[in-house]
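Report on one structure; see the data block that follows.
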Amino acid sequence: MKEVRNLFIPIIRMSLIILLLCGLLYPLVSTGIANVLMPEKAEGSLINNKKGEIIGSKLIGQNFTSPIFFHGRISSIGDNAASSGSTNYAPSNPNMIKRVKQSILDLKKQNPSIQVNKIPIDLITNSGSGLDPDISLQAALIQVNRISNETGIDKIVLEKLVKKHIEGRQLGIFGEEHVNVLKINLDLFKLMNK
Amino acid sequence: MIYTILTIIIALFIIVIVAKPFGHYLAIVFDYETVSFKKTIYPVERIIYRLSGIKQNTQTWKQYALAFILTNGFMMILIYLIFRLQDILPFNPNNLKALEPTLAYHTAVSFITNTNQQHYSGENNLSYFSQMAGVIFAMFAAPASALSISFAFMRGLSGKAFGNFFVDFVRAITRVLLPIAFIMGFVFVFLGAPETLGPSVIAHTIEGAKQEIARGPIGAFLSIKELGNNGGGFFGANSAHPFENPNGISNFIQIILMFLLPTSLPFTYGKIIGKKKQGKTLFIAMLMMFLIILGITLVSEYQGNPDINSLLSQNTHGSMEGKEVRIGIGQSAFYSVVTSATETGAVNNMHDTLTPIGGMMVLCNLLLNTVFGGVGAGFINIMMYAIIAVFLSGLMVGRTPEFLGKKIEGKEMKLIAVTLLMQPFLILVFSAIALWFPMGYHSISNEGYHGISQIIYEYTSAAANNGSGFEGLKDQTPFWNITTSIVMYLGRYFSLITMLAVAGSLSTKKLVPESSGTFQTDTAIFGMILLGTIFIVGALTFFPTLVLGPVAEYLTL
């Protein structure tokens with residue numbers, strides 16, 4: 001028993017010291033330095049409008065529903081960034097097949113010119129986070145017709161806009177090519193208000 | 001696809017280059033004979049020793065194990081109290097309530113055992129104080145504990161004194177975890193991860209809607225989460241969340257960090273026992289297993305879901321459900337295999353939505369728990385299989401098996417047999433209970449064969465101290481909190497202690513001089529026998545369960 005008692009003091013004191021060091025000092029110092037060196041990123045890559053109001057984060061997807069904008073991926077949480085996550089449908093879940101069928105119907109309705117074998121997979125599947133800010137290039141291009149019809153902006157202008165917004169793989173290798181929906185819609189918004 | 005293969009090649013290239021020198025660095029870090037870092041880190045450590053009253057005396061394996069268990073136990077209580085009292089503690093700008101007792105208990109056990117299974121969503125349930133003083137603290141303490149134990153184990157095998165738990169623990173933090181985490185934290189912020197203590201912000205979108213955006217000190221959280229093979233997410237969506245994995249390169253760096261410690265330890269071991277070739281043999285054997293599992297997973301994920309493909313006029317699309325566009329199918333699958341192989345448990349896509357075979361491969365990594373495995377604990381598990389392989393080989397030729405010149409006898413084999421049986425016992429018995437009682441099976445969210453997989457995955461993840469989940473399972477109930485806590489606890493401490501006992505027993509034995517009849521344990525043949533042992537033992541134990549879950553789902557799709 002004496003052996004155990006001898007251990008008590010170092011256990012208690014060391015645990016508290018490590019808690020202070022790793023649990024408080026480390027994150028607080030990191031936060032302090034990061035906010036001095038990279039304030040914009042440390043705050044969450046927020047985008048402000050001219051009035052200084054926050055209109056979103058570059059990294060967080062938004063739920064665009066109006067036909068005049070590019071639409072993002074399916075989010076079972078409605079892109080509510082106060083939380084995150086998805087439905088976790090297994091490949092065998094019948095509800096997922098139902099949802100996919102519905103998405104295909106909706107896409108065909110909104111974009112009548114679309115062919116079924118051209119539908120990009122990312123537009124009919126739920127993202128992992130429910131906050132995916134991006135869509136594939138193909139997913140952006142198939143929406144051009146609809147947006148052109150709704151806004152009167154020329155298709156060629158819109159296609160150029162999409163091309164401008166392609167974000168490639170990092171260092172040419174890592175990740176996948178994508179289009180950030182919020183960023184492209186902000187530019188689209190500017191075009192419309194010209 | 002080609003970019004994924006390129007990513008994998010670059011990652012493995014980096015690991016093959018870095019693992020050996022880093023492994024040797026670890027050997028120096030934990031060496032007691034020469035004082036290193038005299039002018040830099042050592043003075044800081046001396047202050048910690050003095051303030052804590054650490055005497056730096058050599059411990060026996062029993063004292064070492066006792067110090068380990070009691071330290072972890074005390075830390076668990078601290079973390080539990082933080083979760084229970086977070087409503088009155090500071091750094092709670094979003095005014096979150098305290099966790100209920102079973103959830104706080106489950107979360108405390110989960111983090112101190114390096115599991116990081118989460119039955120809550122960080123952004124909705126934990127204050128910044130809990131995320132820092134509770135979670136980040138445990139994310140340092142848990143891997144530091146396991147790293148210490150693995151060094152005591154290696155010292156025991158090589159006939160040296162076991163060392164002092166407190167000294168090892170402090171060194172693991174000051175010389176390995178903290179410096180790397182500190183630097184990598186900024187790299188993640190640079191890549192886009194937020195690092196703020198400010199509350200959630202409200203955005204006014206151009207469509208006129210309101211969007212609340214949760215934030216937090218994520219960069220610093222992220223680096224230790226991956227480096228320590230912890231894997232618990234700051235957010236519910238873990239590394240699928242854009243703040244927790246902003247782009248392809250952050251994804252790649254996370255993979256490297258998860259790999260770093262588990263792949264280095266075989267080389268550390270080779271150096272400490274003075275047989276470098278043996279460390280290399282273990283590394284190559286593990287790498288081969290890793291590549292097989294990775295290959296199968298990639299093929300399955302790229303083939304996607306036949307039911308969805310048939311709706312798109314038979315075009316083959318990969319499985320994109322539950323994945324993120326910026327990361328893509330291949331690099332998500334790669335991440336999944338690494339996070340399960342290294343028992344990290346971070347996810348950048350939802351494992352529940354993986355194709356049946358992809359999900360089964362990830363599950364296999366957890367069941368085998370030896371494809372590198374988590375910091376320290378995984379290495380010790382590999383050594384357990386190595387000793388079993390030696391024992392089986394000895395039986396086949398009718399010689400008393402020897403390992404590192406020590407006779408493997410009844411006492412060691414009894415300990416190892418019990419350790420080996422503990423894991424299937426925990427997984428199968430608790431899965432059976434959950435499938436038997438409504439409290440368990442009512443939590444299934446994907447009915448049918450996949451529901452069985454959800455339950456097995458939950459307990460396997462707990463037993464292997466991985467922490468990822470088939471997260472559709474509605475596991476935020478007292479039943480799941482309590483049963484998985486038991487599994488995590490035994491999955492962690494039982495095997496580490498019994499294996500330390502094996503090292504303790506071996507360390508007292510006389511060295512048997514090597515002769516021409518000695519079975520060499522640093523050859524390709526031994527590597528193959530080791531792989532065979534792992535495969536046979538693993539396959540025999542879990543094959544029936546895999547057939548009931550993922551295989552049945554695959555066949556019926």
Side-chain angles (χ1 to χ4, degrees), chain A residues 7 9-11 13-15 17 19 22-24 27 30-31 34 38 41-45 53-57 59-60 62 64 66 81-86 88-93 97 100 116-117 119 121-122 125-129 131-136 169-170 173-176 178 189, chain B residues 3 6 52-54 67 70-71 74-75 124 132-133 136-137 140 166 185 189 192 194-196 201 203-207 212-215 217 220 235-237 240-242 246-249 252 305 307-308 313 315 317 320-328 349-350 352 355 446 450 471-472 553:
Chain A
L7 289 173
I9 290 169
I11 285 172
R13 288 206 206 152
M14 184 184 74
S15 299
I17 289 170
L19 191 150
C22 298
L24 289 171
S30 297
T31 306
M38 305 168 267
K41 283 172 175 157
E43 285 292 314
S45 309
E53 290 169 337
I54 298 164
I55 49 175
S57 162
L59 294 171
I60 302 293
Q62 289 186 354
F64 285 98
S66 158
S83 62
S84 61
S86 71
N88 281 297
Y89 282 152
S92 57
N93 195 318
I97 299 301
V100 170
V116 175
N117 60 359
I119 290 178
I121 187 83
D122 54 308
T125 46
N126 201 329
S127 74
S129 61
L131 302 171
D132 197 335
D134 308 308
I135 51 176
S136 64
R169 297 180 178 85
Q170 265 131 351
I173 299 165
F174 304 116
E176 287 291 340
H178 56 262
F189 194 53
Chain B
Y3 291 96
L6 214 57
S52 316
I54 295 168
L70 292 177
T71 306
F74 179 69
M75 288 172 167
N124 301 326
M132 297 191 295
I136 294 183
F137 162 56
F140 279 97
F166 301 113
V189 178
E195 182 70 44
T196 175
V201 291
H204 300 269
T205 71
I206 48 176
E207 273 196 344
E212 188 178 342
I213 302 176
R215 307 179 296 166
F235 295 105
H241 196 293
N247 48 41
I249 199 148
F252 179 75
N305 187 339
D307 287 352
I308 292 183
S313 52
N315 274 7
H317 292 275
M320 201 57 203
E321 179 77 12
K323 293 193 176 71
E324 301 280 299
V325 168
R326 65 191 177 284
I327 296 159
N349 67 97
M350 296 302 117
D352 222 349
T355 54
N446 292 297
H450 195 88
E471 286 299 341
E553 189 189 6

Exercise for review: Taking A:Asp122 for its side chain and B:Val325 for its backbone only, find out whether a donor-acceptor pair lies under 3.5 Å.
Suggested key: no
Check your understanding: Among A:Ile55, A:Ile173, A:Asp132, which has the most heavy-atom pairs under 4.5 Å with chain B?
Key -> A:Asp132
Study note, to complete from the structure: Taken to the nearest 0.5 Å, the spacing of B:Thr71 OG1 from A:Met14 CE works out to 5.0 Å
Study note, to complete from the structure: Cut-off 4.5 Å, heavy atoms of chain B, and the answer for A:Leu24 is side chain
Practice item. Please confirm whether the backbone N or O of B:Gly248 pairs with a side-chain atom of A:Gln170, one donor and one acceptor, at under 3.5 Å? Key: yes
Revision key, fill the gap. When every non-hydrogen atom of A:Gly128 is compared with those of B:Ala237, the smallest separation belongs to O-CB, 4.3 Å
Revision key, fill the gap. To the nearest 0.5 Å, atom CD1 of B:Ile54 lies from atom CD1 of A:Ile11 at 10.0 Å
Exercise for review: Using atom types as modelled and distance alone, determine if a side-chain donor or acceptor of A:Ser15 lies under 3.5 Å from a backbone N or O of B:Met75.
Suggested key: no
Review point. Looking only at heavy atoms, which two atoms of B:Asn446 and A:Ala90 are closest? And how far apart?
Key: OD1-N, 3.0 Å
Study note, to complete from the structure: From the list B:Arg215, B:Glu207, B:Lys323, the residue making the most non-hydrogen contacts under 4.5 Å with chain A is B:Glu207
Check your understanding: Any side-chain heavy atom of A:Ile97 sitting closer than 4.5 Å to one from B:Ile308?
Key -> yes
**Study point:** Between NE2 on residue B:His317 and CD1 on residue A:Ile121, distance to nearest 0.5 Å
**Key:** 5.5 Å
Check your understanding: What's the shortest heavy-atom distance between B:Pro242 and A:Pro133, and which atoms?
Key -> CG-CD, 3.8 Å
Study note, to complete from the structure: Between the CG atom in A:Asp134 and the CD1 atom in B:Ile327, the distance rounded to the nearest 0.5 Å is 9.5 Å
**Study point:** Closest approach of B:His241 to A:Leu131 (non-hydrogen atoms, all atoms of both residues)
**Key:** NE2-CD1, 3.2 Å
Exercise for review: Sort B:Phe140 into side chain, backbone, both or neither according to what part of it lies under 4.5 angstrom from a heavy atom of chain A.
Suggested key: side chain
Exercise for review: Using non-hydrogen atoms and a 4.5 Å limit, figure out which bit of B:Phe252 sits close to chain A: side chain, backbone, both or neither.
Suggested key: side chain
**Study point:** Portion of A:Ser86 that has a non-hydrogen atom of chain B nearer than 4.5 angstrom
**Key:** side chain
Point to revise | B:Glu553 versus A:Ser92, side-chain donor and acceptor atoms under 3.5 Å | key: yes
Point to revise | Side chain / backbone / both / neither for A:Phe189 at chain B, heavy atoms under 4.5 Å | key: side chain
Check your understanding: Where the side chain of B:Glu195 meets the backbone of A:Ala42, is there a donor-acceptor pair that is under 3.5 Å apart?
Key -> no
Study note, to complete from the structure: Max heavy-atom pairs within cutoff under 4.5 Å with chain B, candidates A:Ser57, A:Ser136, A:Gly85, A:Ser127, goes to A:Ser127
Practice item. Go through the atoms of B:Val189 and report whether side chain, backbone, both or neither lie under 4.5 Å from a heavy atom of chain A. Key: both
Review point. Which heavy atom in B:Pro246 sits nearest to a heavy atom in A:Leu59, and how many Å separate them?
Key: CB-CD2, 4.1 Å
**Study point:** Between B:Glu324 and A:Ser129: side-chain donor-acceptor atoms closer than 3.5 Å
**Key:** yes
Practice item. Indicate yes or no for a side-chain donor-acceptor contact from B:Asn305 to the backbone of A:Pro91 under 3.5 Å, with no hydrogens or angles considered. Key: yes
Exercise for review: Indicate yes or no for a side-chain donor-acceptor contact from B:Arg326 to the backbone of A:Gly175 under 3.5 Å, with no hydrogens or angles considered.
Suggested key: no
Exercise for review: Go through the atoms of A:Ile135 and report whether side chain, backbone, both or neither lie under 4.5 Å from a heavy atom of chain B.
Suggested key: backbone
Review point. To the nearest 0.5 Å, how far apart are CE in B:Met132 and OG1 in A:Thr31?
Key: 7.0 Å
Study note, to complete from the structure: All heavy atoms of B:Gly192 vs all of A:Ser45, minimum pair found to be O-OG, 4.2 Å
Exercise for review: Determine whether more than 12 heavy atoms belonging to other residues, nucleotides or ligands lie under 6.0 Å from atom CZ of B:Phe74.
Suggested key: yes
Study note, to complete from the structure: In terms of heavy-atom pairs under 4.5 Å with chain B, the winner among A:Leu19, A:Asn93, A:Ile119 is A:Leu19
Point to revise | Which of B:Ile206, B:Leu70, B:Thr205 touches chain A most, by non-hydrogen pairs under 4.5 Å | key: B:Ile206
**Study point:** Interatomic distance, B:Ile213 atom CD1 to A:Gln62 atom CD [nearest 0.5 angstrom]
**Key:** 6.5 Å
**Study point:** Greatest number of heavy atom pairs closer than 4.5 Å to chain A - which of B:Met350, B:Glu321, B:Met320
**Key:** B:Glu321
**Study point:** Region of B:Ile249 in contact with chain A, defined by heavy-atom distances below 4.5 Å
**Key:** both
Review point. Got A:Leu7 and B:Phe166 here, is their nearest side-chain heavy-atom distance under 4.5 Å?
Key: yes
